[in-house]
Amino acid sequence: MARFLSLAEAVQSIVRDGDSVAMEGFTHLIPHAAGHEIIRQRRKRLTLIRMTPDLIYDQLIGMGCVDKLVFSWGGNPGVGSLHRFRDAVENGWPQPLAVEEHSHAAMANAYEAGAAGLPLAVFRGYVGVDLPKVNPRIKHITCPFTGEQLAAVPAHRPDVAVIHAQRADREGNVMLEGIVGVQKEAVLSAKRSIVTVEEVVDDFGPRNLNAVILPHWTLGAVVAVPGGAYPSYAQGYYKRDNAFYIAWDKIARERASFQAWMKDNVLEQGPEVFAAHARRLNAKAA
Amino acid sequence: MARFLSLAEAVQSIVRDGDSVAMEGFTHLIPHAAGHEIIRQRRKRLTLIRMTPDLIYDQLIGMGCVDKLVFSWGGNPGVGSLHRFRDAVENGWPQPLAVEEHSHAAMANAYEAGAAGLPLAVFRGYVGVDLPKVNPRIKHITCPFTGEQLAAVPAHRPDVAVIHAQRADREGNVMLEGIVGVQKEAVLSAKRSIVTVEEVVDDFGPRNLNAVILPHWTLGAVVAVPGGAYPSYAQGYYKRDNAFYIAWDKIARERASFQAWMKDNVLEQGPEVFAAHARRLNAKAA
Amino acid sequence: MADYKPGEMMTVAAARALRNEDVCFVGIGMPSAASNLARLTHAPGITLIYESGTIATRPDVLPLSIGDGELCSTALTTVSVPEMFRYWLQGGRMTVGFLGGAQIDRFANLNTTVVGPYDRPKVRLPGGGGAPEIASSCGEIFIIMAQSKRSFVAKLDFITSMGHGEGGDHRARLGLKSKGPTKLVTDLCIFEPDPQSREMTVTSIHPGVTREQIADNTGWPVRYAANIAVTAAPTADELRVLREVHARTARAHGEAA
Amino acid sequence: MADYKPGEMMTVAAARALRNEDVCFVGIGMPSAASNLARLTHAPGITLIYESGTIATRPDVLPLSIGDGELCSTALTTVSVPEMFRYWLQGGRMTVGFLGGAQIDRFANLNTTVVGPYDRPKVRLPGGGGAPEIASSCGEIFIIMAQSKRSFVAKLDFITSMGHGEGGDHRARLGLKSKGPTKLVTDLCIFEPDPQSREMTVTSIHPGVTREQIADNTGWPVRYAANIAVTAAPTADELRVLREVHARTARAHGEAA
């Protein structure tokens, strides 16, 4: 059952040291504010799961919160490398990072299977490539009807899913629209969840009969954090701050500049800065 | 690529004797007009696939179009038996009907797997029940991660899918909303398809970003048949004619009354009667 | 005490079994009437889900079919049928599945497939629909059925959905983690599974019903629990709400007749 | 003839390979620029699909990421990512997949995973993302990459996505029914697979480029087809459209800077 909490309370009560955590968002609706709160609360030994780890995972890794990353594409989209991720893999800084690597198809299917309560996902994939040689969790099954060999991976069943969405109603039902990625599956596959939203409304009002809505009883905590996806975007609220993604490349390249930025912008801030980021972005666009 | 055709042309060019045909619709948007056209064109030896065969399949079976039925629930919803279906199974009239019987979960998963291009569907089902004893196409696989036995059925790959939807645009893209059932999966799993629609519009206009839309290049023929789902319903256009479903019980109970009704209402009519049915229904409701 | 029919007692007793916090997978017909009665009386927060994909629906009139437009237009949202069966049912999100059936045995296994041999049935019934996986995937199962010797049988011709199988720990042996049928509500009484044998055992008898009546309408020797309650008769409020919803339904479904 | 840069020639040559009736799974970066150039010039009816779930998108500016809002708001519709990978990619609906990569070998296998050993990489690259299954599920694959000895290598450290594997009928032996890479467009020339060996073979050289330049930027001895064309230089119209879209993109992405 969804509880309305502050972000600090939500992370406090739901995310534990050593948890597997899926903070999902496919370019759109990435839960940056929640990620910062996890960093501020100094969670340790996390296994982070995500198809497209980008800046927020770079930050969590660089701040030493993460023991293991389960992923399929780790980069700064359209810009280049994630320097903190690379530093952890290549140099073990600030600590070694174990990697469980998949393709997007495998990750998407693994979330889908988790949401569907299955132990495995079956799909046609990994043909002629090297990932199965380095990831022992990629196996195969034989179709009993055709004899075809199909790839199989374990379903994702994270301890915690964290997503950002556009709106919640007063009951705690949550609505998403636009590029919805694997967020619904991430929440439905997880044991616990935190959803940050742009706003809480009295009523969703007239809406598409097939709108993407997560009922309140599928959710853990619901937290209003306006701007909480910044520098990613929330369709209908604010655009992606592409300039910040480009700027991140320079910030994260060196350990010292990274740490200084984290201190100023995360450790010594609270979630309320996100609303200001979004306002600033909208003011510039206008 | 979708072609705009008349209903007669669409059935003529797309549905062949001996085809496997999935005419889907879960109470909502059942393609009755298309079914009548298939009867008028005297298609034979069809394998009909559908989760919930109801009146239109009763009519196709009673008119001798069908050799085999693949299904999970065959009844007149909320009313009782399908008398023509029962007469075919129990007495072989007008011809014997082979049956391949599944659960809803198996059928839904089989369509999903067909749409996903897989040879099989894997799900947790059929535990402790008798259907696997009488349906040799229900098999099991073992999860290579947990050892759990899971049910497996072949994916549905019908020759033809036939559905009814609310709207097409001028390019032939088709939009559905409301209870969308397995229609999208039926179309995407099929080799060929016919979609009848309530209306063709210049442009869908502003719409939900995640609206259920089938792109024109996934479709065979698109046919405007206003009222084409009658006596089922089209959300936003007309309600279900529950009274007709109740009346069907009496019509279909005896072979003679069934045949008389089919002659008067199907064989000697064209698809234009469906618009009149819908208008009459709306006039009564008003 | 208000005057009421056995069918009304059955629906009211079934409705009472539902809790405000339940997420209930609703079968059509009597389960649907009972579930909506619960929603309109003591369980306004209950989440009703129909296999047509409608989630948290609040119909004003009872649906004739599992996919009436009323279910969709009053729902929180409507998902596709594959999603319903994968994410919602198989995903283990339903606390209760509410079923009816054509035939039941003493372990609450249900038959809605055939009477007679499968290959040459005497009566071809509609089939299982969602029932096989509803029976295994929901947290527990409530069954509502009017009693008669034709429907409460010693041996089923076909097991469409599993109740307690052959009894005892049969479900657990097959790897099922759900409880199976915990309540069978009829027009005469309420059965619950015996803690050991899992045989459905009478735990409450509706007012005015005799054990002889129950025996006359059951195809096996009925077992009774050590302590047997008398079912509380429908309250005036329960009856009023039930009759109002039935009246609204009759008007709505008849209007096009 | 208009003045143009090698990168513009590459994008224009890649765009020309796309047909009006194609359904194209578009990778980010140069594939996205080429695909949208095709849409804005000779292939207005092309269907562009991005793995973020956007179907038949018509962005006015090029996305920086695979999931920019522009892709969604100009799309026919947007589906979930699991649906994209199941129904649309694995479903075999894409006629073309358009990829780039960090490293390529002469059979058009791609590496975007690691330079050096997997367990102790010298350079940890972003990883495969959608590429492994794009490469196997799309009807054919176009690849666009600038040539250099660092990226066109004799042996890949890691096979992220399969091209023609070890050559010959390797794909068919693995059960793949799709064609694999049929075009590799670089800033110097166009490669196509040899009909027998499936080695990528130069079939067209961009205007003014020499075989020596190609050799200097390729990590294996380059093979040439029997008949080699000179790639037609970008037309004034192609250059204008490409530069306009890049200018719009720079304005849009820079506006918040």
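Protein chains get the first letters and strands the later ones, always in sequence-line order, with residue 1 at the start of each.
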Residue pairs fulfilling salt bridge (Lys or Arg N to Asp or Glu O under 4.0 Å) with at least one residue in residues 157-170 of chain D, sequence neighbours excluded: Asp169(D)-Arg173(D)
Distance, nearest 0.5 Å, that separates CG of Leu76(D) from CG of Asp169(B):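 That separation rounds to 7.0 Å.
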OG1 on Thr77(D) to CZ on Arg207(B), rounded to 0.5 Å: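 Atom-to-atom, Arg207(B):CZ and Thr77(D):OG1 are 7.0 Å apart.
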Show the atom names and distances, to 0.1 Å, of all donor-acceptor pairs under 3.5 Å that link a side chain in residues 117-127 of chain B to residues at least two apart or in another chain.
| residue | atom | partner | partner atom | Å |
| --- | --- | --- | --- | --- |
| Arg124(B) | NE | Glu148(B) | OE2 | 2.7 |
| Arg124(B) | NH1 | Gly117(A) | O | 2.8 |
| Arg124(B) | NH2 | Gly117(A) | O | 3.0 |
| Arg124(B) | NH2 | Glu148(B) | OE1 | 3.2 |
| Arg124(B) | NH2 | Glu148(B) | OE2 | 3.4 |
| Tyr126(B) | OH | His102(B) | ND1 | 3.1 |
| Tyr126(B) | OH | Ser103(B) | N | 2.9 |

Side chain / backbone / both / neither for Glu112(B) at chain D, heavy atoms under 4.5 Å: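 Both parts, backbone and side chain.
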Lys179(D), NZ atom: more than 12 neighbouring heavy atoms under 6.0 Å: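 Incorrect, the count does not exceed 12.
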Options Lys184(B), Glu171(B), Met175(B), ranked by heavy-atom pairs under 4.5 Å with chain D, top entry: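 Heavy-atom pairs under 4.5 Å are most numerous for Lys184(B).
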Arg86(D) side-chain N/O to Ala115(B) backbone N/O, donor-acceptor pair under 3.5 Å: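 Answer holds: no.
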Chain B-proximal positions within residues 99-108 of chain D [heavy-atom distance under 4.5 Å]: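 So no residue qualifies.
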Which side-chain N or O atoms in residues 208-217 of chain B pair as donor and acceptor under 3.5 Å with protein atoms at least two apart or in another chain?
| residue | atom | partner | partner atom | Å |
| --- | --- | --- | --- | --- |
| Asn208(B) | OD1 | Asn210(B) | N | 2.7 |
| Asn208(B) | OD1 | Ala211(B) | N | 3.4 |
| Asn210(B) | OD1 | Gly178(A) | N | 3.0 |
| Asn210(B) | ND2 | Gly178(A) | O | 2.6 |
| Asn210(B) | ND2 | Thr78(D) | O | 3.0 |
| Trp217(B) | NE1 | Thr47(D) | OG1 | 3.3 |

